[in-house]
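Lettering of chains follows the sequences in order, A, B, ..., and the numbering in each one begins at 1.
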Amino acid sequence: MATFQTLPGFREFYPEDLARRNFIFRLWRQTATSFGFAEYDAPVLEPLELYKAKSGDEIEGQLFNFTDKGGREVALRPEMTPTVCRLVGAKANALKRPIKWFSIGEFYRYERMQKGRGRCFFQFNADIFGETGPEAETELIGLLVQCLCSFGLTEQDFYVRLSDRNLWFYYLGALGLDDERIRAVLGAVDRYEKYGDDAFKGYAEQFGEIEAGLKGKVLAFLQIKSLGALTSLLEPLGDERIAARLADWRKLLGNLEAMGLSRFVEVDLGVVRGLAYYTGFVFEAFDRKGELRAIAGGGRYNDLVGKLGYPELPAVGFAIGDMTFALLLEQRGLMPALVQAPDVYCVIGGADERLAALGAIQSLRAAGFRVDYPLKDVAFGKQFKAASEVGARLALIFGSDELAKGVAKLRDMNDRAEREIPLAEVVSAVRDSL
RNA sequence: GCGGCCAUAGCUCAGUUGGUUAGAGCACAUGAUUGUGAUUCAUGGGGUCGCGGGUUCGAAUCCCGUUGGCCGCCCCA
């Protein structure tokens, strides 16, 4: 006999699971809308080339790809960014700026399963196109914070680490490093938190052991936790690009402070977000306890739309993954019990009573009430038990006595009070009792 | 792709040095007689013990393989 297993890393959503998922999506959607972001959606299956163009050939091993019946190389989307760049890029000159879009979708990566990571997962994505200034970052970090706070999470639960890839480039450039070396140093920075000095091994293999003075400066830069310290270290260098960058930092942090979000945001140059395509500010949200992987991440990617063959269009975006986020909510006891209780549960005496009940049930449902009833004849006691178990607030009783009088009995399940209602007035009686 | 641990009912798990028809709790269903939510009681369905092979008179148990899961490494766009 054949038995079928769920494909490894994939998830099934039984009603309780889907209720939790919907709860999360509903709040994300509501929050994004309140920030003036418009929702979009796009195909799950994309040309493989779309991802290669962005990240190179080696990316292929990490995604679900195959050749379709038309001979096309295709892949299930591993992220939203290239797709949204295409959507925006294709109409770049027609869309009103700034372009503030969000989506909630499922993504697929061919990876090993781990806590908070599967082969399919949902992400909330938000992006702003067409704005070069830190006002865009302000909006997105504000949205990110609110997307978590909407669930009752506070600054004691999570924080956002803010960094800047441009600043690293300018600073290391001012120290005399070429682009290749800068990238290698950033690779080390990315790993330093985890591996300590071993993080510089990659650099050493490429360029020889890192010079002690340089390493010291890198580590000192990594320690910086405030705009003041950043400024006093960098201003003396007299570099114009650095000065402009510092102005952006002041603006962004000032904006966030004005939004009352300073307590969520920390300057932390240890975040560099891989090496792929980020061009300026980058940020990641983490739980304060440091037990989970990143909750959200994002940054500026001013070159990507152009790289995909569309007009140059500056962009910033971030994504929140659903798995780690749900773990965090559960850890903090912020996942509510999501029961879908009916307003009214009907108790039905027998075949004739059922006919009378069906009419009332239909009217109540048409009026928008949630109504349920037993599909088979069951003893009265069982029906009341069922009404209680499903959490109905009212029981509407159709027995032979009531039928004879042309009424139904409405019972409040909390205080157990009952009263008789003419069948014609059932809808208004229920409305009054809820 | 690599390593460690694990796999018995829908769920949590027992199962003796290898020994007859494989167990409990919870959950589910039916009933305790047909008009009121609790507790209780009885009964029942449901497992080829993840799958395949091997050792043995005999395997849930021991061995090998495989698939899947958990955790870590690599990766994390």
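Under the Watson-Crick or G-U wobble criterion, with both distances below 3.5 Å, A59(B) has no partner in any strand shown. With a 3.5 Å ceiling on both atom-pair distances, the Watson-Crick or G-U wobble partner of C5(B) is G69(B). C49(B) is unpaired under the Watson-Crick or G-U wobble criterion, no partner having all donor-acceptor distances under 3.5 Å. In this structure, A29(B) forms a base pair with U43(B), meeting either the Watson-Crick or the G-U wobble geometry with both donor-acceptor distances under 3.5 Å. Pair check for U17(B) finds none; no Watson-Crick or G-U wobble contact set falls under 3.5 Å.
Note: L153(A) CG to D287(A) CG = 10.0 Å, rounded to the nearest 0.5 Å. Rounding to the nearest 0.5 angstrom, the gap separating the CG atom in D127(A) from the CZ atom in F102(A) is 12.0 Å.
Here R11(A) does not reach the OP1 or OP2 of G69(B): none of its side-chain N or O atoms lies under 4.0 Å away.
No donor-acceptor distance shorter than 3.5 angstrom exists from the side chain of R411(A) to the backbone of L394(A), with no hydrogens or angles considered.
Rounded to whole Å, atom P of G69(B) lies 12 Å from atom CD of E12(A). Rounded to an integer number of Å, the gap from CZ of R77(A) to C1' of A77(B) is 15 Å. Atom pair Q383(A):CD and U34(B):P shows a separation of 14 Å (rounding to whole Å applied). The separation between F318(A) atom CZ and A77(B) atom C1' is 17 Å, rounded to whole Å. Protein atom CZ of R393(A) is 22 Å distant from nucleotide atom P of G37(B), rounded to whole Å. Per the geometry, CD belonging to Q114(A) stands 18 Å off P belonging to C5(B), to the nearest Å. Here the P atom of nucleotide G35(B) and the CG atom of D352(A) are 15 Å apart, to the nearest Å. Summarising the geometry, the separation between NZ on K382(A) and P on U39(B) is reported as 12 Å, rounded to the nearest angstrom.
A distance of about 23 Å separates the P atoms of A22(B) and C63(B), rounded to the whole Å. Between the C1' atoms of U16(B) and C11(B), the separation comes to 26 Å (whole Å). With C1' as the reference atom, C62(B) and C49(B) are 15 Å apart, rounded to whole Å. With P as the reference atom, C51(B) and U61(B) are 11 Å apart, rounded to whole Å. If you take atom P in U17(B) and the same atom in G53(B), they sit 28 Å apart, rounded to whole Å. A distance of about 15 Å separates the C1' atoms of U30(B) and G46(B), rounded to the whole Å. For the C1' atom pair drawn from G15(B) and U20(B), the interatomic distance equals 15 Å after rounding to whole Å. For A27(B) and A7(B), the P atoms lie 26 Å apart once the distance is rounded to whole Å.
Between I348(A) and E353(A), the shortest heavy-atom contact is CG2-C, 4.0 Å. Minimum heavy-atom separation, R97(A) to A92(A): NH2-O, 2.7 Å.
The nucleotide whose nearest atom lies closest to any side-chain atom of R112(A) is, among A77(B), G1(B), C76(B), G1(B). Relative to the side chain of P8(A), the nucleotides G68(B), C75(B), U34(B) differ in distance, and G68(B) lies closest. Minimum atom distance to the side chain of I397(A) is reached by U36(B), of the listed U36(B), A77(B), U34(B). Between C76(B), G35(B), C70(B), one nucleotide has an atom nearer to the side chain of M113(A) than all others, and that is C70(B). With distances taken from any side-chain atom of K194(A) to the nucleotides G68(B), U34(B), C73(B), the minimum falls on C73(B). The side chain of E418(A) sits closest to U36(B) out of A77(B), A38(B), U36(B).
For E402(A) and G35(B), a side-chain-to-base donor-acceptor distance below 3.5 Å is present, hydrogens and geometry of angles not being considered. One donor-acceptor pair, N or O on each side, does fall under 3.5 Å between the base of C76(B) and the side chain of R117(A). Taking only distance into account, the side chain of R411(A) meets the base of G37(B) through a donor-acceptor pair shorter than 3.5 Å. Judged by atom type and distance alone, R416(A) does not reach the base of U36(B) through any side-chain donor-acceptor pair under 3.5 Å.
Because its NZ or CZ atom is both nearer than 6.0 Å to the ring centre of Y110(A) and within 45° of the ring axis, R119(A) counts as a cation-pi partner of that residue. Cation-pi contact between R300(A) and F283(A): absent, since separation from the ring centre below 6.0 Å together with deviation from the ring axis within 45° is not met.
Where stacking is scored as ring centres under 5.5 Å apart with planes under 30°, F384(A) does not register as stacked on the base of G37(B).
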